[in-house]
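Both ligands and their constituent atoms are indexed starting at 1 by order of listing.
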Amino acid sequence: MVLEADRIVLRGARRVVTCAGDRSSPTGALENVEVLVEHGRVAAVLPAGAVTSPDVLAHDLKGALLTPALIDCHTHPAFMTARTGEWLSRLHGASYEDIAAAGGGILSSVRSLRAAGREALTRATLRNLLRLRAHGVAFVEGKSGYGLSLEHEIASLEAIGAAAREADMLATRTCLAAHSLPAEYRGEPARRDAYIELVCRAILPEVARRGLAERADVFCERGAFTPEQTLAVGRAARELGLRMTIHADQLSASGGARAAAELEADSADHLEFTGEADQLAMLEAGVSAVLLPGSTFHLRQERWADARGLIARGLNVALSTDFNPGSSPICSPAFIMHLAVTKLAMTPAQALLGFTVNAARALRIKDGEAGVIAPGARAAFATWDLDHEDEIAAFAGSNLCTGVLTCRNWQA
Ligand code: NIG
Ligand code: FE
């Protein structure tokens, strides 16, 4: 819902979860308060009834739990359809890497994307973003990566931009041209370097020239790209003014987290196989940890990311759905929070912060602008039919998010 007024007061919330708390109250939840919004930004959180001016539009939340709109900081929304058949093959013994090596996996999504027209791709991307929005997300990071050619990577990033506008969401766009080696480059090993050349010399420069992405990403993994190739992409991105993020250590100790540290990337994501030394290198380089337990779960991996170690060592730990057609056809942050609590031993509060303030940090969004309900924050909220914020993770089997609420000019 979009509230079309310049001055708005949100009242009648059961609890306002500001995500701007302190040690004693990490979620910063308050009761008997109302939120004043002016010109698309939070102006103040005040005692209930404090705003009396008749020129302020009063919106009654009718007992909802109010949180900041969620931030999903790692998604692959530019895809046509989920690869459910592969999931079933994996249940019968095939591995994610076997399926990819046989030309399925990411390449199967590439084939369906290339076969679709631009309009169909934009419609499919919008559908995917609206699936996230229905679960409370207003800020989304969206990656390309199922195009793997100049033409189709550009089409993917344009589709993400157009779909986000249509969905009333704010997108950070990331070019993941280095997601997999496209079919036309398979064959001799040297072709892998030739494709990386194409990414560095043609795709990223054109993406940057057209302003279609703020960041680049690499799938650093055996069967995908090496740490050296990751560093090459990272250096090219830096010269073009693009920031970096990396798919790191998902299926093996790939060297991805180490490369992210060397590149001072925004984040290293997945981290199932990242040990202490590389975690410390990330900390030193100011790299956030983005954990994606949805893919660990869906791929039925035995090894989960070391969330407790990362938090104990002082890293910024965010969570994300990794929403994609293969390894994580999961568009529910609440379900990811549930996995974070049950499988990564995070607290419900840490899980919620992982989708709000910590996700904002992982995307290097200006401090205080997103992921909190505090003066200066963009006026985008999620409402929940729940009594307490810990229930978001606990009740994950049903979508109890009742919607995203935005106020006029929240994106400006
Ligand atoms: O984050 N690991 C690489 N990329 C995605 C999976 C993409 C896919 O399977 O389509 C991920 O898990
Ligand atoms: Fe991913």
Is the number of heavy atoms from other residues, nucleotides or ligands under 6.0 Å of E31 CD greater than 12?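 Counting neighbours around CD of E31, more than 12 heavy atoms of other residues, nucleotides or ligands fall under 6.0 Å, so yes.
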Should we count CD of E184 as having more than 12 external heavy atoms under 6.0 Å?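 Yes.
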Hey, can you pull the donor-acceptor pairs under 3.5 Å for the side chains in residues 62-71, sequence neighbours left out?
| residue | atom | partner | partner atom | Å |
| --- | --- | --- | --- | --- |
| T67 | OG1 | W384 | NE1 | 3.0 |

Can you sort out which atoms of ligand 1 are near [X], meaning under 4.0 Å from one of its heavy atoms?
| X | answer |
| --- | --- |
| F219 | 2 (N), 3 (C) |
| Y146 | 7 (C), 8 (C), 10 (O) |
| R83 | 8 (C), 9 (O), 10 (O) |
| H74 | 1 (O) |

For S109, is at least one N or O under 3.5 Å away from an N or O on ligand 1?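 By distance alone, the answer is no.
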Please say whether S295 places an N or O atom under 3.5 Å from an N or O atom belonging to ligand 1.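 N/O-N/O distance under 3.5 Å: no.
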Starting from [atom], what is the nearest protein heavy atom, named by residue and atom, and what distance separates them?
| atom | value |
| --- | --- |
| atom 2 (N) of ligand 1 | Q250 OE1, 2.7 Å |
| atom 11 (C) of ligand 1 | D322 OD2, 3.2 Å |
| atom 12 (O) of ligand 1 | S327 OG, 2.5 Å |

Enter the distance from [X]:[atom1] to [Y]:[atom2] here, rounded to the nearest 0.5 Å.
| X | Y | atom1 | atom2 | answer |
| --- | --- | --- | --- | --- |
| F225 | I246 | CZ | CD1 | 13.0 Å |
| M169 | L130 | CE | CG | 7.5 Å |
| D322 | I330 | CG | CD1 | 9.0 Å |

Run the contact test for H179 against ligand 1 with a 4.0 Å cut-off on heavy atoms, strictly below, and give the result.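 True for this residue.
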Quick one: do E369 and R41 satisfy salt bridge (charged side-chain N to carboxylate O under 4.0 Å, His left out)? Show the steps, please. CA-CA 9 Å; E369 197 162 89; R41 299 277 176 149; 3.4 Å; yes
Check Y96 against ligand 1 and report side chain, backbone, both or neither, counting heavy atoms closer than 4.0 Å.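 Answer for Y96: side chain.
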Would a 4.5 Å heavy-atom cut-off, applied to side chains only, mark R222 and S254 as touching?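 No, every pair of side-chain atoms sits at 4.5 Å or beyond.
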Test log, rule salt bridge (charged side-chain N to carboxylate O under 4.0 Å, His left out), inputs E214 and R364: CA-CA 11 Å; E214 293 84 64; R364 302 222 160 122; over 6 Å; no
List the steps and the verdict of salt bridge (charged side-chain N to carboxylate O under 4.0 Å, His left out) for E188 and R191. CA-CA 6 Å; E188 315 104 70; R191 301 283 285 154; 5.0 Å; no
Using salt bridge (charged side-chain N to carboxylate O under 4.0 Å, His left out), reason through R313 and E276 one step at a time and then give a plain yes or no. CA-CA 9 Å; R313 292 184 187 102; E276 183 176 356; 3.5 Å; yes
Protein N/O/S atoms under 2.8 Å of the Fe ion (ligand 2)?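 Near the Fe ion (ligand 2), below 2.8 Å, one finds H74 NE2, H76 NE2, H247 NE2, D322 OD1.
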